[in-house]
There are 2 protein chains.
Amino acid sequence: MKKYTIKDIAELAGVSKGTVDRVIHNRGKVSQKALDKVTKLLEEIDYQPNPIARSLKNNKIYKIYVVLPNPDEDSFWKPCVDGVNQAIEEFKSFLVDIKLFYYSPHSTKSFQNVNNTVINLSPDAVLFPPIFYKESISIANRYKSAGIIVSIFNNQINLKEAVNFVGQDLYQSGRVAARLMEMIVPKKTDIVICHLDEPFNNATHMQKKEKGFRDYFENLGHFEYNLLTFNADKESLHKSLNDFLNIQKNVSGIFVTTSKVFNVVEVLQERKHKNLKIIGYDLLNKNVSLLKSNAISFLIHQRSKSQTYLGLTYLVEHFLFNKDIPNQKLLPIDIVNSENLDSYIEN
Amino acid sequence: MKKYTIKDIAELAGVSKGTVDRVIHNRGKVSQKALDKVTKLLEEIDYQPNPIARSLKNNKIYKIYVVLPNPDEDSFWKPCVDGVNQAIEEFKSFLVDIKLFYYSPHSTKSFQNVNNTVINLSPDAVLFPPIFYKESISIANRYKSAGIIVSIFNNQINLKEAVNFVGQDLYQSGRVAARLMEMIVPKKTDIVICHLDEPFNNATHMQKKEKGFRDYFENLGHFEYNLLTFNADKESLHKSLNDFLNIQKNVSGIFVTTSKVFNVVEVLQERKHKNLKIIGYDLLNKNVSLLKSNAISFLIHQRSKSQTYLGLTYLVEHFLFNKDIPNQKLLPIDIVNSENLDSYIEN
DNA sequence: AAAAAAAGTGTTTTCGAGCACATTTTTGTA
DNA sequence: TACAAAAATGTGCTCGAAAACACTTTTTTT
């Protein structure tokens, strides 16, 4: 189980460690003879430089800055903050400087301002969820030009500047919801796909989920269910959902494509609807209590906390130990009910 | 964001780094005056020794050996091997030596023999699932006496010698299965709890799951379902399950408490049973294809791969970077259906 | 053939912690 | 006051990789 060092290889090759070092980093000034001998040895031994020694020598404080929507304005982002704080705690004694920056999720201007602040602090890497499509592409370009590594999470957009994306397959999560819904609602009924629009949010999110949901039922081949789409924004929801359900009398289940599923349930509870099965997203506090009381049947967990934690871990280990960063990491699509809920909240 | 070093603290305190070092490791030979000054500084600054420098100086190859049932004899353990191999790959360039040892899951003697081999190789830590209760306690004692760190996973037993347990809350996983079953089978029917005994296996495993399953239905308060228990071993299963189902005509669902759920389904498929809902454990290949074809409704995933990977990660980071090892890590209880299956297999 | 340039090789220092060893200061006792 | 013993403090080396620097050998130019 011997681990070879540069010194070992130098001795075996009959050269100095300076020469071995030149070969490893191919910076020339090495005779063909020495080059061949050392290269051969490196391959035979499968030499791996000691990442700890390398890191010590390097001795640089890497700045990794995270740009997030303010969790006070949209509580969806709270777990992401937890993930960042977990990473800060875990790596506090290492030579990394992880910091958080907030902007207002309702303002592209605020997003741009905060990113301007961050770019001027010249970090080594930034991590952010590209919720504003155009603005994210533009800022990612500027980061890249400034030699700053860009890593994204949560929103999967085609951003060639990003080294890494951590998130979930939204199409597939729609299919997961569909399979669950199929199992818990009776046949020959209506199922509603409910989009709660937030004016600034990336609508492709919800579209991918709807596509997955619909595809699942279409692939079944038989048409036992009637799928309806319902759109509303936060303000109009109360009235329009009531109107909608007053007309649609055969609804057995509602699939809400966002984390704001609790808003829908609140309307339903006034109506004293029984036996309407609800499936939605994310373990927000309000959703969690509705899940516990069985007002929601299933929540799909997007592991927001893990997303930021993992994204940061990739960056830190890349800087400290030269580890490769995977291009994409799609996290499992967790199905949460009232009984396995706690096992996710603790993690 | 400055990171202080021993040298910095020595200069600030007006002493040499030798003195600071003596304070940090309280090995005495320091005057009260110097002690006070340095201690105060250390606290003010919240000094954290650079784990990378510490690790480099340490320069010891840590031997971490994993003792597993042979996966060729019980494929349940295959993912555990994958988890070990993933850890080996991830840490291969660090100063750790992770090795795997197999024994026959049908023989306590073989378990003891392999552990004797391992203890003679004097590793720094061992990781194993304590599937044989008495023998595990005895060997854990001997490891502890030999100064070898013991870490366990999968089987939660009261083993004070172990620094860490990684696994799942089996009682709660039974409850999860119960909640799922409740949602997919009609009321006023019979639900079967099916134990597939393997002669040597720790039966408490299955009992905890049954307890959770039964408790869930009892806590409901009303008795809409009739719970039956069915026991069989691999040999007798075919005949006895057929006999059982010939008598019990009102069965709507079967909860199989082990990963051998495919054995049950194979029997059912001969009978052309329609609409019998099956819930079982673990993503074995045979279970996976039955889940895909909807012959199984849900599988509960015990994250066996993550269990060994995590257990090893804790040990490695403890040895290399002095990180604390948590006493217990209970992994989430994953609900798997045909649609989120792939997202777990890839991870 | 001598001098200059280029190519090749080896040596030394650095990073921070940790510890053995060397040196200085203080204390206790004759 | 002398002076050894004990206590306190400081110095210097190590770990492995990396790279600057110093040195030697070969090649090219005049």
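Computed from a prediction, not measured in an experiment: that's the story for all the values here. We name chains A, B, ... by the order of the sequence lines, and we start the count at 1 in each one.
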Just jot down the side chain to side chain donor-acceptor pair (under 3.5 Å) partners of A/K329, sequence neighbours excluded, or say none.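 Result, side chain to side chain donor-acceptor pair (under 3.5 Å) vs A/K329: B/N347.
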Not counting sequence neighbours, which residues clear side chain to side chain donor-acceptor pair (under 3.5 Å) with B/K2? List them please.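 Result, side chain to side chain donor-acceptor pair (under 3.5 Å) vs B/K2: B/D8.
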Heavy-atom contacts, protein to nucleotides 16-23 of chain C, under 4.0 Å, summarised as B (base), S (sugar-phosphate only) or - (none) per nt, yield BBBB----
From CD1 of A/I61 across to C1' of C/dC15 the rounded distance in Å is 13 Å
In whole angstroms, the gap separating P of C/dA5 from NZ of A/K29 amounts to 14 Å
Go through the structure and list residues passing side chain to side chain contact (heavy atoms under 4.5 Å, CB included) with A/A162, not counting sequence neighbours. A/V150, A/I152, A/L159
For the helix from C/dA1-D/dT30 to C/dA30-D/dT1, what angle lies between the axis at the first five pairs and the axis at the last five pairs, to 10 degrees?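 The angle separating the two end axes equals 60°.
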Give the table of side-chain donor-acceptor pairs shorter than 3.5 Å for residues 117-124 of chain A, with sequence neighbours excluded, one pair per line with atom names and distance.
from   : atom 1 : to     : atom 2 : distance (Å)
A/T117 : OG1    : A/N113 : O      : 3.1
A/N120 : ND2    : A/N116 : O      : 3.1
A/D124 : OD1    : A/K60  : NZ     : 3.1
A/D124 : OD2    : A/K63  : N      : 2.8

Of all pairs that satisfy salt bridge (Lys or Arg N to Asp or Glu O under 4.0 Å), the ones with a partner from residues 145-165 of chain A, not counting sequence neighbours: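 Applying salt bridge (Lys or Arg N to Asp or Glu O under 4.0 Å) to every pair that reaches into residues 145-165 of chain A, excluding sequence neighbours, yields nothing.
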So which pairs with a foot in residues 23-32 of chain B pass salt bridge (Lys or Arg N to Asp or Glu O under 4.0 Å), sequence neighbours left out? B/D21-B/R27
For residues 32-47 of chain B, which side-chain N or O atoms pair as donor and acceptor with protein atoms under 3.5 Å away, sequence neighbours left out?
from  : atom 1 : to    : atom 2 : distance (Å)
B/Q32 : NE2    : B/D36 : OD1    : 3.1
B/T39 : OG1    : B/L35 : O      : 2.4

Note: chain A reaches DNA chain D at heavy-atom distances under 4.0 Å over the stretch, first to last nt, 5' to 3', of D/dG16 to D/dA19
May I ask you to decide whether B/E90 forms a salt bridge with A/K323, counting only side-chain N to carboxylate O separations under 4.0 Å? yes
Between B/N58 and B/L35, who's closer to the 5' end of DNA chain D by nearest nucleotide?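 With B/N58 and B/L35 compared, the 5'-side residue is B/L35.
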Applying ring pair (Phe, Tyr, Trp, His ring centres under 6.0 Å), which residue pairs with at least one partner in residues 14-33 of chain A are found, sequence neighbours left out? none
Mind checking what makes salt bridge (charged side-chain N to carboxylate O under 4.0 Å, His left out) contact with B/D169, not counting sequence neighbours?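 With neighbours one apart ignored, the set is empty.
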